[in-house]
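Just so you know, these numbers come straight off a predicted model, no measurement behind them.
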Amino acid sequence: MSEYDEAIRIDPGGTPATRHGAFSEGWMIGNAVNGGVVMAAALTALGQHLSHDPTETTLHVDPVVVSAYFMTASQPGPFTASTEVMRTGRLLSTGEVSVSQDLDGQQVERMRAIASFGNLDDVDASRQSTPPDLPPPDECVSSEQAPPEFLAHSSFLDRVDLRLDPATAGWAVGRPSMQGQIRGWLRLRDHREPDTTLLALALDAFPPVAFDLGLYGWTPTLEFTGHIRRRPAPGWLQVVLSTENYAGGMLEEDARIWDSGGNLVAQSRQLCGVRPLRTTP
C-alpha cells in the first residue's frame with residue numbers, strides 16, 4: 001500500500017455518518033498537515049457514505065466539485081470525519097463533511113466542505129485549455145534541492161516529488177519573477193499513480209504562488225473551490241499556479257492540472273491570507 005493510501009485510509013465509525021482516520025507526521029508542511037491531504041481524506045470519507053446510502057441509484061464514485069473552509073490547522077493524530085448526504089440525483093450526489101480532532105477532550109473542527117460526486121468514466125472534452133510548455137522533469141528544479149533547514153520542516157516533500165520550471169523558481173534563491181506564476185511537475189515519490197482524490201492533494205501541493213511576488217511567509221487557505229474534470233492518466237501531472245490580485249492581505253491562487261496525456265484534469269481557486277515574514281530593521 002502506498003503511503004498516500006495509508007494517509008487517507010478511513011475506518012467505519014459507530015454510525016453511517018461517522019468515520020475515523022489518523023494524520024501522519026509524514027505529510028506535514030511546517031506546523032500543519034498539508035491541506036490537500038486533509039481534503040483527500042475528507043472526500044474519501046464522504047465518498048464512502050454516498051456509496052453506501054440506500055437512496056443512491058447511480059454509481060457516483062468521483063469527486064467533481066468541492067468547496068472547503070479550513071478552520072484550524074490539522075495536526076498529526078486521530079481525526080473524525082462526520083458526513084451528511086444532502087441530495088442524490090441522476091448525475092450528481094452531494095454531501096457535507098467535517099473533519100475534527102480531539103484537543104484536551106474537546107472536538108476541534110479542522111475543515112468543513114460540501115462536495116458533489118459523479119461518474120467520470122467517459123469524458124469528452126470538446127474544449128479545454130492547453131497544457132503549459134514545460135522543460136522535462138529532469139531539467140526542472142527538484143524539491144530535493146531545497147535548503148536542508150526547509151526540508152527538515154517539510155516531511156511532505158519526502159513523499160511528493162515536485163519539479164519546478166526554472167523560469168518560475170527564482171523566488172527560491174531570492175529572485176522572484178513578480179509575474180505571480182509557478183509551474184512544474186508533480187508525482188508521488190513511490191510512483192503511486194494519480195486518481196481523482198490525489199488530484200485534490202495536487203491542487204494544494206505546490207509552494208504558494210505568493211512566493212513569486214516576493215511574499216514569503218505563511219499563506220493560510222481561507223476558502224478553496226476545486227473542480228475535478230476527468231480521471232487522470234498514469235504518469236506525471238503538470239501544474240500551473242497563478243495570481244493576479246493582491247490586496248488587503250489576501251490573494252487568489254488559481255491552479256490548473258494536466259495529466260500525461262495533455263488533458264485538463266483539475267482546476268481550483270483558493271482565497272489565501274498572506275502573512276509575510278517580519279523583518280528586523
Side-chain angles (χ1 to χ4, degrees), residues 27-37 70 73 129-189 199-224 226 236-258 266-281:
W27 296 90
M28 294 186 72
I29 292 286
N31 295 320
V33 176
N34 172 262
V37 173
F70 292 83
S129 56
T130 305
D133 183 16
L134 293 177
D138 289 347
E139 296 179 15
C140 289
V141 180
S142 171
S143 53
E144 292 181 330
Q145 298 172 251
E149 61 271 18
F150 178 82
L151 292 175
H153 298 283
S154 300
S155 56
F156 177 79
L157 295 179
D158 292 334
R159 287 148 188 84
V160 177
D161 191 353
L162 302 182
R163 310 287 180 94
L164 301 183
D165 181 350
T168 67
W171 56 267
V173 291
R175 295 194 296 271
S177 75
M178 307 304 291
Q179 298 300 307
Q181 188 170 117
I182 295 178
R183 302 186 299 267
W185 302 87
L186 178 147
R187 69 178 178 185
L188 292 181
R189 289 197 180 276
L199 292 177
L201 179 152
L203 286 167
D204 195 41
F206 265 52
V209 72
F211 289 2
D212 192 52
L213 297 179
L215 300 170
Y216 303 105
W218 186 37
T219 56
T221 299
L222 306 177
E223 191 273 343
F224 174 98
W236 285 94
L237 299 172
Q238 299 181 68
V239 182
V240 173
L241 302 185
S242 62
T243 188
E244 295 184 355
N245 305 285
Y246 170 50
M250 294 180 288
L251 57 74
E252 86 283 352
E253 180 175 284
D254 293 323
R256 290 179 292 168
I257 299 179
W258 293 261
Q267 58 192 136
S268 67
R269 166 166 285 191
Q270 55 180 299
L271 182 65
C272 303
V274 179
R275 313 287 187 263
L277 294 172
R278 295 182 181 272
T279 56
T280 302

Student check: side-chain heavy atoms of [X] and [Y] closer than 4.5 Å:
X: Leu134; Y: Glu139; answer: no
X: Leu199; Y: Leu237; answer: yes
X: Met28; Y: Phe156; answer: no
X: Trp258; Y: Ser129; answer: yes
X: Pro220; Y: Cys272; answer: no

Review point. Which of these passes side chain to side chain contact (heavy atoms under 4.5 Å, CB included) with Thr243: Leu215, Leu213, Asp212?
Key: Leu213
Review point. For the side chain to side chain contact (heavy atoms under 4.5 Å, CB included) test, which of Leu186, Val160, Leu164, Leu162 pairs with Ser143?
Key: Leu162
Minimum heavy-atom distance between [X] and [Y], given as atom pair plus value:
X: Pro135; Y: Cys140; result: O-SG, 3.5 Å
X: Pro137; Y: Arg163; result: O-NH1, 3.3 Å
X: Val209; Y: Glu253; result: N-OE1, 2.9 Å
X: Ile182; Y: Trp171; result: CD1-NE1, 3.7 Å
X: Gly226; Y: Ser268; result: CA-CB, 3.8 Å
X: Arg189; Y: Leu157; result: NE-O, 2.9 Å

In Å, rounded to the nearest 0.5 Å, how long is the span from [atom1] of [X] to [atom2] of [Y]?
X: Gln267; Y: Leu203; atom1: CD; atom2: CG; result: 9.0 Å
X: Arg187; Y: Asp161; atom1: CZ; atom2: CG; result: 5.5 Å
X: Arg269; Y: Glu223; atom1: CZ; atom2: CD; result: 10.5 Å
X: Thr219; Y: Gln270; atom1: OG1; atom2: CD; result: 7.5 Å
X: Leu271; Y: Leu251; atom1: CG; atom2: CG; result: 8.0 Å

Point to revise | Residue list, salt bridge (charged side-chain N to carboxylate O under 4.0 Å, His left out) with Arg275, at least two apart or on another chain | key: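 Arg275: no salt bridge (charged side-chain N to carboxylate O under 4.0 Å, His left out) contacts found.
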Review point. Under the salt bridge (charged side-chain N to carboxylate O under 4.0 Å, His left out) test, which residues partner Arg159, sequence neighbours left out?
Key: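 If we apply the salt bridge (charged side-chain N to carboxylate O under 4.0 Å, His left out) test to Arg159, skipping adjacent residues, the hits are Glu3.
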Practice item. Name all residues meeting the side-chain contact (heavy atoms from CB on, under 4.5 Å) criterion together with Ser242; count only those two or more places apart in sequence or in a different chain, and write none if there are none. Key: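 In terms of side-chain contact (heavy atoms from CB on, under 4.5 Å), with neighbours along the sequence ignored, Ser242 is linked to Gln181, Asp254.
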Point to revise | Side-chain (Asn34) to main-chain (Asp204) donor-acceptor, under 3.5 angstrom | key: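 Confirmed, Asn34 side chain pairs with Asp204 backbone.
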Check your understanding: Which residue, Asp165, Asp133, Thr168, forms the side-chain hydrogen bond (donor to acceptor under 3.5 Å, both in side chains) with Arg183?
Key ->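 Output: one option passes, namely Asp165.
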